[in-house]
There are 2 protein chains.
Amino acid sequence: MFDVLLAHIQEKVTLSATDVAVLKSFFIPKKLRKRQYVLQEGDVCKYLLFVEKGLLRMYHVDEKGTEHMIQFAWEGWWMADTYSFLSGDVSEYNIDAIEDAELLMITLDNFEALLLQVPVMERYFRILFQNNIISKEKRLVNTISYSAEEKYTRLAATNPQLLQRIPQNLIASYLGITPETLSRIRKKLMKSK
Amino acid sequence: MFDVLLAHIQEKVTLSATDVAVLKSFFIPKKLRKRQYVLQEGDVCKYLLFVEKGLLRMYHVDEKGTEHMIQFAWEGWWMADTYSFLSGDVSEYNIDAIEDAELLMITLDNFEALLLQVPVMERYFRILFQNNIISKEKRLVNTISYSAEEKYTRLAATNPQLLQRIPQNLIASYLGITPETLSRIRKKLMKSK
DNA sequence: TAAACGGCTTGATCTACATCAAGTGTTTTT
DNA sequence: AAAAACACTTGATGTAGATCAAGCCGTTTA
């Protein structure tokens with residue numbers, strides 16, 4: 001159950017046997033069916049989630065009812081509405097499962113206790129958050145600097161796994177374009193090679 | 001020279017007198033004229049910057065030569081191309097001064113040394129990066145979920161200081177729209193109230 | 001095993017915003 | 001103090017991508 005999480009942490013910092021025991025004690029395991037929510041708009045994001053297995057998405061729904069994908073997370077990824085989780089304010093986002101999933105969840109209180117009791121976790125999360133900032137910055141630059149077709153080809157070049165595992169309509173939403181436009185772009189790219 | 005930085009850190013964590021001395025020893029002060037570069041596309045981002053005074057911008061230039069604002073930073077803000085700074089790869093971004101500025105700069109080696117010698121700084125940067133993630137997430141959601149006019153009114157509501165201090169054409173670029181469109185939006189909003 | 005639904009495609013039409021261009025006031029440079 | 005460069009505006013025109021609509025599988029669901 002903790003295999004993926006412990007491997008992920010030990011790539012970045014060293015944990016003692018007691019660290020591992022303490023760490024395990026703070027997490028709640030949870031299984032999810034496809035389409036099941038972990039967080040719904042209007043609720044507070046009570047947990048920081050780690051995906052041991054499966055695939056989640058976080059998305060925002062605008063006034064017209066259109067979904068906008070914020071992030072995907074599969075094995076080895078963390079997910080939460082960071083703002084809601086840390087502030088305790090209600091979330092404007094939704095998180096649900098695209099594939100059946102197994103999660104490890106930690107509350108804010110336990111997260112803070114973990115950082116105090118296992119100080120190397122400060123370093124682990126600092127590094128994790130650094131990497132998160134880098135990928136968010138890249139995503140933003142792609143979103144504001146390129147055309148629909150360029151955005152797609154750049155995603156295909158840098159994140160091919162995403163295209164294999166995630167339905168096209170969700171990819172379209174992630175890129176900020178309609179499924180129709182993505183379909184046409186792909187058709188055009190198929191022809192040209 | 002260190003007033004703003006120390007105040008900023010001590011809002012989040014407690015520093016001893018020796019911590020403060022060590023910390024100061026790791027930073028290089030630098031003064032910048034308006035329009036002066038701190039980072040140019042093609043160079044490595046050698047420093048993590050803290051703005052003691054003045055105003056900087058980080059931006060990306062696409063193939064057509066159009067600038068896309070990634071971030072602004074004034075008194076009390078950190079700035080760097082996080083990816084280039086941490087990886088040592090060349091940067092695709094530019095950082096320069098919109099107003100004359102006074103900076104405190106730290107190299108990656110010194111940044112890492114600082115984290116080891118003053119361990120509470122791990123916590124400080126973890127918190128800082130958390131907040132950075134939150135604001136980047138909000139920015140992304142605004143960028144992909146709303147029309148040009150909505151993006152502008154939302155920015156005006158949440159970051160009015162930005163509109164007062166930063167030229168309109170840079171605001172337009174930050175919102176991912178043209179200066180002409182922003183000008184028309186503002187005209188329309190003026191009328192309607 | 002029939003029916004309902006979800007994901008993808010293709011075509012016709014529409015529109016928000018970009019682009020191009022020209023003019024005005026203001027700041028910077030020489 | 002003149003000239004050049006910059007920031008902003010306004011108008012005319014163009015277009016990438018959205019929207020609307022219909023049809024085609026493949027897969028859940030009853």
Side-chain angles (χ1 to χ4, degrees), chain A residues 32-37 55 57 59 61-69 72 94 96-100 142-156 162-192, chain B residues 32-36 55 57 59 61-69 72 96-100 142-156 162-192:
Chain A
L32 282 187
R33 290 276 186 73
K34 191 173 169 174
R35 307 200 166 236
Q36 192 177 339
Y37 283 108
L55 176 57
R57 61 175 182 155
Y59 58 101
V61 182
D62 69 24
E63 296 84 42
K64 290 173 204 146
T66 310
E67 294 178 353
H68 301 273
M69 296 305 125
F72 301 109
N94 301 277
D96 65 17
I98 299 178
E99 299 171 5
D100 290 359
N142 280 331
T143 303
I144 63 181
S145 302
Y146 300 103
S147 69
E149 182 174 333
E150 284 166 327
K151 280 188 251 191
Y152 177 72
T153 53
R154 291 172 73 88
L155 184 71
L162 237 120
L163 302 193
Q164 282 156 16
R165 196 158 169 187
I166 291 165
Q168 258 188 58
N169 60 336
L170 302 186
I171 297 282
S173 165
Y174 183 80
L175 293 173
I177 62 180
T178 59
E180 292 95 328
T181 296
L182 180 54
S183 175
R184 285 185 249 264
I185 285 170
R186 295 192 43 161
K187 189 184 176 187
K188 189 186 153 197
L189 292 174
M190 296 294 264
K191 278 189 196 161
S192 69
Chain B
L32 281 186
R33 290 276 187 71
K34 191 174 170 172
R35 309 203 160 231
Q36 191 178 341
L55 176 57
R57 61 174 182 156
Y59 58 101
V61 182
D62 68 23
E63 296 84 42
K64 290 174 204 143
T66 311
E67 295 178 353
H68 301 273
M69 295 307 124
F72 301 108
D96 66 18
I98 300 178
E99 299 172 4
D100 291 357
N142 279 331
T143 303
I144 62 182
S145 303
Y146 300 102
S147 70
E149 181 173 334
E150 283 165 329
K151 280 189 252 191
Y152 176 74
T153 52
R154 292 172 72 89
L155 184 70
L162 237 120
L163 303 192
Q164 282 156 16
R165 196 157 168 189
I166 291 167
Q168 256 188 60
N169 59 338
L170 302 186
I171 297 283
S173 165
Y174 184 80
L175 293 173
I177 62 180
T178 58
E180 292 96 327
T181 297
L182 180 55
S183 175
R184 285 186 250 264
I185 286 170
R186 295 192 42 158
K187 189 183 176 186
K188 189 187 153 198
L189 292 174
M190 296 295 265
K191 278 187 195 162
S192 69

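Below, read A as the first sequence line, B as the second, and so on, with proteins coming before strands; counting in each chain starts at 1.
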message: Taking the side chain as everything from C-beta on, heavy atoms only, tell me whether Leu175(B) gets closer than 4.5 Å to Ile171(B).
response: yes
message: Expressed as a whole number of angstroms, how long is the span from Glu150(A):CD to dA16(D):C1'?
response: 12 Å
- request: Figure out the CD1/C1' separation between Ile166(B) and dC8(D), and round it to whole Å.
  value: 17 Å
message: Let me test you: for the helix from dT1(C)-dA30(D) to dT30(C)-dA1(D), what is the angle between the axes at its two ends (five pairs each), rounded to 10 degrees?
response: 50°
field: Thr153(A) side-chain N/O to Glu149(A) backbone N/O, donor-acceptor pair under 3.5 Å
entry: yes
query: Do Tyr152(A) and Ile177(A) have side-chain heavy atoms sitting under 4.5 Å apart?
result: no
message: Counting only side-chain nitrogens and oxygens, does Lys187(B) get under 4.0 Å of the OP1 or OP2 atom of dT9(D)?
response: no
- prompt: Is a donor on one side and an acceptor on the other found under 3.5 Å between the side chain of Ser145(A) and the backbone of Asp62(B)?
  reply: no
statement: Here the pair of heavy atoms bringing Tyr37(A) nearest to Asn94(A) is CE2-OD1, 4.0 Å
field: Length of the CD1-P vector between Ile185(A) and dA16(D), whole Å
entry: 12 Å
message: Strictly below 4.0 Å: does Asn169(A) bring a side-chain N or O up to OP1 or OP2 of dG6(C)?
response: no
- prompt: Can you check the Met190(A) CE to dC8(C) C1' distance for me, whole Å?
  reply: 13 Å
query: If you look at every strand shown and take non-hydrogen atoms under 4.0 Å, does Arg186(A) touch a base, only sugar-phosphate, or nothing?
result: nothing
message: I'd like to know if the side chain of Asn169(B) reaches the main chain of Pro179(B), judged simply by a donor and an acceptor atom lying under 3.5 Å from each other, with no hydrogens or angles considered.
response: no
message: Using whole Å, what does the distance between atom C1' of nucleotide dT15(D) and atom CD of Glu149(A) come to?
response: 15 Å
message: Quick one, Tyr174(B) and Arg57(B) - any side-chain contact, counting heavy atoms below 4.5 Å?
response: no
- request: Report the distance from atom CD1 of Ile98(A) to atom P of dT27(D), rounded to the nearest whole Å.
  value: 18 Å
message: Please report the distance, rounded to the nearest Å, between CD1 in Ile144(B) and C1' in dA16(C).
response: 18 Å
- request: Check whether any side-chain N or O of Asn142(A) sits under 3.5 Å from a backbone N or O of Lys151(A) as a donor-acceptor pair, and report yes or no.
  value: no
- request: Rounded off to whole Å, could you give me the NZ-to-P distance for the Lys188(A) and dT10(C) pair?
  value: 15 Å
- line: Ser147(A) has its side chain closest, among dC17(C), dG17(D), dC8(D), to dG17(D)
query: Just wondering, more than 12 heavy atoms not from Arg33(A) lying within 6.0 Å of its CZ?
result: no
Sugar-phosphate, base or nothing in reach of Lys151(A), heavy atoms under 4.0 Å: nothing
message: Looking at every heavy atom in both Met69(B) and Glu67(B), which two are closest together, and how far apart are they?
response: CE-OE1, 3.5 Å
query: Among the nucleotides dG6(C), dG17(D), dT28(C), which one has an atom lying closest to any side-chain atom of Arg35(A)?
result: dG6(C)
task: Could you work out which one of dC8(D), dG7(C), dC8(C) sits closest to the side chain of Gln168(A)?
output: dC8(C)
- request: Under 4.0 Å from any atom of DNA chain D, heavy atoms only: list the residues of residues 177-184 of chain B that qualify, in numerical order.
  value: Glu180(B), Ser183(B), Arg184(B)
